[in-house]
Asks: 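Shown below is the structure under consideration.
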Amino acid sequence: MSGGDDVLVAVAGHGLAESRAALPCAPLADPEWDALLTDVRRQRVTGLLAAAVADGALPVTPAQRSAVSLAHQDAMGVALELEARLLRIAGVLDDAGVAWKVLKGPASAHLDYPDPSMREFGDLDLLVPGPQLPVTLASLRELGAERRVPEVSRGFDQRFAKSLEVVDPDGWEIDLHRTLALEPFGLRIDEQTLLASAEPFEVTGRRLTALATEERFLLACYHASLGNFPVRLSPLRDLAQIASGSELDLARVLGVAKRWWARAVVADAVTRAWATYALDAAAPVARWAAAYRPSRSERAALAAFQRTDRRQLHRTIATLRTTPSVSSRAIYLRSMLLPDRAYLDSRRMSVGSWWKRGQAALRAPQ
Amino acid sequence: MTTSRWQRAPQVVHRGTLDGLLLRPPDGEVALLSPSAAALWDVLASPHSVDEAAEVLAARTGASDAEIRADLEALVADLAGRGLLESAS
């Protein structure tokens, strides 16, 4: 890791009491500063940079302070645009009787961080029970929002999809999640636990519902371990942030993780977060993660996500290998082999080009 | 205006920044309040007249009521015009 990366990590870890990542004690030279600001924006940790500057933990020149301030205003402007939309969405979904919850961005900002201005976000993520996806889509259409990509095949959303993407008339993205992770991990998450998990929070007096702390922690683990690869700093920070609070019930986390076949994900994500932010290795969750030995199938499923090429193919193979129900496997395989015409059209592909792409992925060297 | 009571308009979302407070009304655009304007926003979490708000802010800052009141009249009118405040009476 370069010196610049060290500063970036220290910024992203600012405020974590146990982090040993150190910020510099004098302002950075302009080239290093410019690189840091670019990386901070890319990693979506502008709020943490602003907090480090506001707290006096990161010395800056007057010009650097102005640059942080503008970058933070940009990021918070986006967050406010999205929260304004969230309040409108709350109205229509509540009126339609949808049992929905807020995931990630606004929920994390208001519940997990000491100040919501520390956590930026660029879209909205809502959890919706699978059977209520159609009524949710219809309700969002009242606000002019439309689905971006059609369903892979009839019934795929409610059975297999992690989420579907909706775009409002101004181009803001709203992800409707049926579950918390892509297959194969997402297929092991039971909807009843998700439905029961709830913690209220308020946005300007409007009461909204997020997942409970333990499920928010698990979601952060899924995001950190199965999301972008290489892993981004923001989800690792979310995870460390929730773990640093006093409310996390580790026994409950591990119990749910076992039922959801997610212990390997938790161990992997925690290990990464602790290593990244140089956190206390004696913390109970870190000791558990270090001691956990994933099974062969868990390792294979994780490996499908932690690669930069052919992730879809490897995820499909892992799903077929680990899904217990034969009928589910058959329906999933059919959807992967023969997606609906509308889905292919939206991706500007024909059945032939879809198959050719799959064959090329299979033939490519490992 | 001094006898009317004012409060934050509903559904105005906000965030603190290094240089003040960002606000976004339901049907408007994001606005940046200076730290002194943000102090008024803080007071108007509950209804206050301009006189009452001036008293609270004078006690906080050590400035005179009269000095603050003159600034608040214009500020309240501006924020109300942008849909950020509403009359509480």
Side-chain angles (χ1 to χ4, degrees), chain A residues 46-58 60 62-91 102 105-106 109-110 113-121 124 143 170 172 201-208, chain B residues 4-50 52-53 56-57 60-61 71-72 75-89:
Chain A
T46 317
L48 296 164
L49 176 62
V53 170
D55 295 347
L58 178 65
V60 288
Q64 291 172 351
R65 189 189 182 286
S66 296
V68 177
S69 182
L70 287 177
H72 189 224
Q73 284 173 32
D74 285 348
M76 292 303 105
V78 169
L80 293 182
E81 288 293 342
L82 287 163
E83 280 191 356
R85 284 161 174 79
L86 178 63
L87 296 179
R88 281 208 294 274
I89 289 168
V102 184
H110 287 276
Y113 286 80
D115 183 332
S117 68
M118 294 170 76
R119 173 65 156 84
E120 66 178 284
F121 45 92
L124 291 175
L143 299 176
D170 297 318
W172 297 99
F201 69 104
E202 283 194 1
V203 173
T204 190
R206 170 85 196 214
R207 190 182 161 103
L208 302 168
Chain B
S4 304
R5 305 189 95 210
W6 297 90
Q7 64 187 6
R8 298 174 182 179
Q11 300 212 343
V12 176
V13 288
H14 57 93
R15 285 288 192 283
T17 73
L18 287 174
D19 292 316
L21 190 68
L22 277 182
L23 302 175
R24 206 283 193 184
D27 297 310
E29 295 189 348
V30 173
L32 176 66
L33 299 194
S34 67
S36 53
L40 172 67
W41 176 261
D42 185 45
V43 170
L44 295 185
S46 58
H48 285 73
S49 67
V50 170
E52 290 165 342
V56 173
L57 292 171
R60 283 187 194 172
T61 61
D71 290 341
L72 287 192
L75 179 59
V76 165
D78 178 38
L79 297 182
R82 288 198 261 173
L84 299 169
L85 298 181
E86 66 175 16
S87 171
S89 47

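A note on names: the letters A, B, ... follow the listed sequences, proteins ahead of strands, and every chain is numbered from 1.
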Asks: What part of Leu23(B) is in contact with chain A, defined as an atom under 4.5 angstrom from a non-hydrogen atom: side chain, backbone, both or neither?
Replies: backbone

Asks: Among Pro116(A), Ala84(A), Gly205(A), which residue forms the greatest number of heavy-atom pairs with chain B at distances under 4.5 Å?
Replies: Pro116(A)

Asks: Considering residues at least two apart in sequence or located in another chain, which fulfil the side-chain contact (heavy atoms from CB on, under 4.5 Å) criterion with Pro62(A)?
Replies: none

Asks: When heavy-atom pairs shorter than 4.5 Å are enumerated against chain A, which of Gly16(B), Pro26(B), Pro10(B) gives the highest number?
Replies: Gly16(B)

Asks: With sequence neighbours left out, write down each residue that passes side-chain hydrogen bond (donor to acceptor under 3.5 Å, both in side chains) with Ser87(B), or none if nothing qualifies.
Replies: Ser89(B)

Asks: With only heavy atoms counted, which part of Ala109(A) is less than 4.5 Å from chain B, the side chain, the backbone, both or neither?
Replies: side chain

Asks: Is there any N or O donor on one of chain B and chain A with an acceptor on the other under 3.5 Å, and could you list each such pair with its distance?
Replies:
unit_1   : atom_1 : unit_2    : atom_2 : d
Val12(B) : O      : Thr204(A) : OG1    : 3.0
Arg15(B) : NH1    : Glu83(A)  : OE1    : 3.1
Arg15(B) : NH1    : Glu83(A)  : OE2    : 3.4
Arg15(B) : NH2    : Glu83(A)  : OE2    : 2.6
Leu18(B) : O      : Arg65(A)  : NH2    : 3.2
Asp19(B) : OD1    : Arg65(A)  : NH1    : 3.0
Asp19(B) : OD2    : Ser69(A)  : OG     : 2.3
Arg24(B) : NE     : Glu81(A)  : OE1    : 3.3
Arg24(B) : NH2    : Glu81(A)  : OE1    : 2.8
Pro26(B) : O      : Arg88(A)  : NH1    : 3.4

Asks: Of all the heavy-atom pairs spanning Leu87(A) and Val13(B), show the shortest one and how long it is.
Replies: CD1-CG1, 3.8 Å

Asks: What's the shortest heavy-atom distance between Ala54(A) and Leu18(B), and which atoms?
Replies: CB-CD2, 3.6 Å

